[in-house]
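Convention: sequence-line order gives letters A, B, ...; per-chain numbering from 1. What you see is a predicted model, and the numbers here were worked out from it, not measured in a lab.
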Protein chains: 2
Amino acid sequence: MSKVVPVTLVKDDTTRWDQNVTEALGPSARVLAAAVARRHYLAGESKVDIAGALGISRFKVARLLDLAHELGIVRIEIASDQIVDLQLSEEVREAWELHHCTVVLGHGADAVAREDLGRTAAELLCEVVTDKDVLGLPWARSVSDMIRSITAFPRIPIVQLSGSVVVPDETTSPVDIVGRIARIAGGEAHLFYAPLILDDATSATVMRRQPSVASALAAADRVTIAVAGIGAWAPGQSTVYDTIGPEDRAEAVSAGVVGEVMGIYYGADGAPVPTHLTDRMVTLTGDRLRAVPEVIGIARGRNKAQAVRGALRGGLLKSLVIDTEIAQSLLAGDWPR
Amino acid sequence: MSKVVPVTLVKDDTTRWDQNVTEALGPSARVLAAAVARRHYLAGESKVDIAGALGISRFKVARLLDLAHELGIVRIEIASDQIVDLQLSEEVREAWELHHCTVVLGHGADAVAREDLGRTAAELLCEVVTDKDVLGLPWARSVSDMIRSITAFPRIPIVQLSGSVVVPDETTSPVDIVGRIARIAGGEAHLFYAPLILDDATSATVMRRQPSVASALAAADRVTIAVAGIGAWAPGQSTVYDTIGPEDRAEAVSAGVVGEVMGIYYGADGAPVPTHLTDRMVTLTGDRLRAVPEVIGIARGRNKAQAVRGALRGGLLKSLVIDTEIAQSLLAGDWPR
DNA sequence: AACCCGTGTGCTCATTTGAGCGCACCCCGC
DNA sequence: GCGGGGTGCGCTCAAATGAGCACACGGGTT
């Protein structure tokens with residue numbers, strides 16, 4: 001309640017006798033500015049109240065606060081997250097008009113751990129999902145990484161969206177992975193045992209007519225949330241690429257394929273690429289995936305950047321869980337849309 | 001401009017499937033909260049604008065910001081000064097209803113350097129003084145420390161308020177000190193050569209009648225700003241105490257003297273203490289000092305805490321430049337007034 | 001002297017913001 | 001199925017706030 005003796009905040013440079021002052025402001029002004037800042041920002045008092053308590057005008061309080069900002073007496077910082085680069089995430093989200101984007105920070109010099117990416121994707125899924133949703137899942141390594149991190153889930157239908165690929169070094173079998181979350185969720189589950197890719201279109205057609213498969217693929221219409229891995233068309237960047245033969249790879253390359261999502265192929269501009277491969281897949285169509293209201297894509301590593309960009313351009317994904325390298329690539333150089 | 005998919009901020013603990021979530025909030029909410037906080041606090045956008053840009057209500061923006069505070073995503077801190085404890089200064093100022101208070105931080109374990117205290121006092125004086133003021137100065141070690149730090153000063157009258165004490169280890173002579181600032185200021189100066197304390201009351205009366213002395217003491221009425229050292233009534237804590245004989249010291253002690261300012265004696269409650277010493281001083285009266293609108297007291301060290309408190313209670317000082325020890329003592333235990 | 005410019009100050013008015021309210025929803029137990 | 005408690009949400013109205021303006025003062029120039 002004590003009144004303050006007026007203190008001129010900034011003296012004219014020519015008239016100040018403050019040549020001995022170390023900082024830009026005298027000690028009393030610093031004390032005053034700090035006191036005002038503390039009351040306003042830490043104690044939450046309104047500027048009017050502060051002005052009343054100190055016997056100065058509310059305008060002076062406001063100017064004092066501005067000054068305190070300029071001089072660095074008040075410092076406001078947005079805390080950095082341990083796991084997620086909050087700023088980069090938002091920049092990517094904004095730039096590509098995504099629903100959600102989560103950029104996972106890599107610890108140390110090396111890339112983001114699969115485990116971290118999977119856990120973060122799990123958190124995002126759990127955050128976004130409601131008990132009105134229908135979840136669609138393909139088979140993908142990154143998706144199984146995610147599912148491993150999920151311990152609780154709402155009781156909602158789970159729909160398998162694609163066949164599976166046998167990968168030697170994966171310990172758990174494909175359907176187990178999709179089945180795991182179905183068990184956790186406890187709702188109805190549309191699962192099937194089928195390979196993602198067959199040797200010819202005829203076999204694939206037959207396979208798609210299998211009741212379990214047909215029922216699951218039909219249920220894809222009802223899916224409201226899907227999670228997808230993103231495969232780049234290069235060795236080690238796509239389980240499909242690694243599975244098929246050299247000629248098939250080459251055909252896709254010459255057709256312009258840069259990546260696949262759930263076995264749906266697309267080019268650098270995101271447009272579907274017609275290929276003989278397409279008819280051999282047991283998966284939903286690109287249009288059906290595009291119609292899903294929320295599709296979360298998961299990807300990691302510089303080599304997948306172009307594939308992610310294509311998937312986004314093609315409208316296959318609505319959200320992303322990625323690492324810093326891909327995020328920076330998505331913001332760099334050629335701009336979206 | 002991209003729209004945001006609604007995200008429920010806090011789920012009911014019973015309904016959340018976030019047992020795998022490391023933090024209290026999902027990644028998307030963290031990204032959103034951080035983005036809002038960044039836009040509001042760093043970019044300075046209004047909540048209404050942010051709400052419009054993100055397609056959410058301004059209330060949600062506000063709640064999101066509250067949340068960001070609670071979770072520590074936004075952290076506001078008042079920067080600490082290198083020289084002055086801004087918070088402690090304000091607390092003392094407020095508690096004792098001072099015009100200004102500057103608590104100088106000691107570096108390392110030992111006490112605040114005389115030099116730091118003097119420099120800070122100089123800064124405060126230069127900040128507070130205007131070219132309409134009349135400056136009054138006594139002789140005191142701390143005052144001479146301050147004056148040494150002054151290199152520029154407005155062209156105002158300088159009035160010497162007390163006689164001087166010869167201290168062996170001070171290199172500069174008393175009047176030189178007061179004369180120095182008079183030279184820097186360049187205005188009219190009321191200086192005189194006289195001891196602060198004489199052997200008897202008669203000599204003191206004679207001395208006070210000397211034209212130069214009388215003129216200066218008369219000019220004390222016009223003084224608008226004075227700076228004073230504070231002496232505690234103990235060895236090494238007051239140049240007056242150290243100068244006089246044991247009987248005089250004892251008399252003052254038994255009369256209840258705890259300190260002196262400009263040779264004006266007072267007790268623990270700040271009331272003037274009548275003593276034979278008083279008549280022997282060449283200085284202004286306590287009432288005259290109390291009438292000066294701004295008196296800045298300088299003191300350092302735990303031993304002077306009680307003397308400072310007395311001087312404040314007695315209304316001799318309006319402002320303080322002190323160290324952390326005295327400041328804490330002023331806030332501790334027995335409360336002012 | 002008269003002038004002008006830069007600076008600090010407080011005012012007015014439009015915008016922004018906060019406190020409280022009611023509504024809709026959902027989970028739970030009867 | 002039907003209240004009850006809790007929660008998130010947006011509305012209303014009053015208070016707080018910001019942008020711009022006018023004024024006063026001081027120092028320097030014409």
Side-chain angles (χ1 to χ4, degrees), chain A residues 3-18 24-26 28-29 32-33 36-37 39-41 43-71 74 127-133 152 154-156 186, chain B residues 3-18 24-26 28-29 32-33 36-37 39-41 43-71 74 127-133 152 154-156 186:
Chain A
K3 300 300 177 178
V4 160
V5 166
V7 171
T8 301
L9 293 184
V10 176
K11 281 178 181 151
D12 187 343
D13 274 342
T14 60
T15 26
R16 65 191 307 169
W17 312 284
D18 301 11
L25 227 56
S28 181
L32 183 60
V36 166
R39 288 182 151 204
H40 186 67
Y41 287 114
E45 295 181 59
S46 80
K47 299 180 186 182
V48 176
D49 286 350
I50 298 171
L54 265 54
I56 57 183
S57 80
R58 71 181 181 85
F59 305 97
K60 190 152 184 169
V61 171
R63 284 178 185 125
L64 223 27
L65 285 173
D66 291 346
L67 198 74
H69 272 98
E70 285 170 25
L71 298 181
V74 272
E127 183 184 5
V128 169
V129 77
T130 73
D131 51 6
K132 300 285 192 300
D133 279 315
R155 190 179 189 82
I156 62 174
Chain B
K3 300 297 177 178
V4 160
V5 165
V7 171
T8 301
L9 293 184
V10 177
K11 284 180 181 147
D12 188 342
D13 275 341
T14 60
T15 26
R16 67 190 306 169
W17 313 285
D18 300 10
L25 227 55
S28 181
L32 184 60
V36 167
R39 293 185 117 162
H40 185 68
Y41 287 114
E45 294 181 56
S46 82
K47 300 182 185 181
V48 176
D49 287 349
I50 297 171
L54 265 54
I56 56 183
S57 78
R58 69 181 182 86
F59 306 98
K60 187 151 185 170
V61 172
R63 285 184 245 254
L64 221 28
L65 285 173
D66 291 346
L67 198 74
H69 272 100
E70 285 169 24
L71 298 182
V74 271
E127 184 184 5
V128 168
V129 76
T130 73
D131 51 7
K132 300 284 191 301
D133 279 315
R155 189 180 190 82
I156 60 172

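Atom pair B:D131:CG and D:dG28:P shows a separation of 11 Å (rounding to whole Å applied). The interatomic distance linking A:L64 (CG) with C:dG8 (C1') rounds to 13 Å, in whole Å. Between the NE2 atom of B:H69 and the P atom of C:dT17 there is a distance of 14 Å, rounded to whole Å. Between A:K60 atom NZ and C:dG10 atom P the separation is 6 Å, expressed in whole Å. One atom, CG of B:L65, and another, P of C:dT16, lie 15 Å apart when rounded to the nearest Å. Going from atom CZ of A:R63 over to atom P of D:dC21 covers 14 Å, rounded to whole Å. Counting to the nearest Å, the P atom of C:dC27 and the NZ atom of A:K132 are 7 Å from each other.
Atom CG of residue B:L64 and atom CZ of residue B:R58 lie 14.5 Å apart, to the nearest 0.5 angstrom. Separation of atoms OG1 (A:T130) and CD1 (A:I156) is listed at 7.5 Å; rounding is to 0.5 Å.
For D:dC9, neither phosphate oxygen OP1 nor OP2 lies less than 4.0 angstrom from any side-chain nitrogen or oxygen of B:S57.
Between B:A53 and B:R39, the shortest heavy-atom contact is CB-NH1, 3.7 Å. A pairwise comparison of heavy atoms in B:V74 and B:A37 identifies CG1-CB, 3.4 Å as the closest pair.
In this structure, B:D66 has no side-chain contact (heavy atoms from CB on, under 4.5 Å) partners at least two apart in sequence or on a different chain.
Within the 4.5 Å cutoff, side-chain heavy atoms of A:L54 are placed close to those of A:L32.
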Identify each atom pair where a protein N or O and an N or O of nucleotides 14-18 of chain D are less than 3.5 Å apart, giving names and distance.
residue	atom	partner	partner atom	Å
D:dT17	OP1	A:K47	N	3.4
D:dT17	OP2	A:K47	N	2.8
D:dT17	OP2	A:V48	N	3.3
D:dG18	OP1	A:K47	NZ	3.0
D:dG18	OP2	A:K47	NZ	2.7
D:dG18	O6	A:R58	NH2	2.8

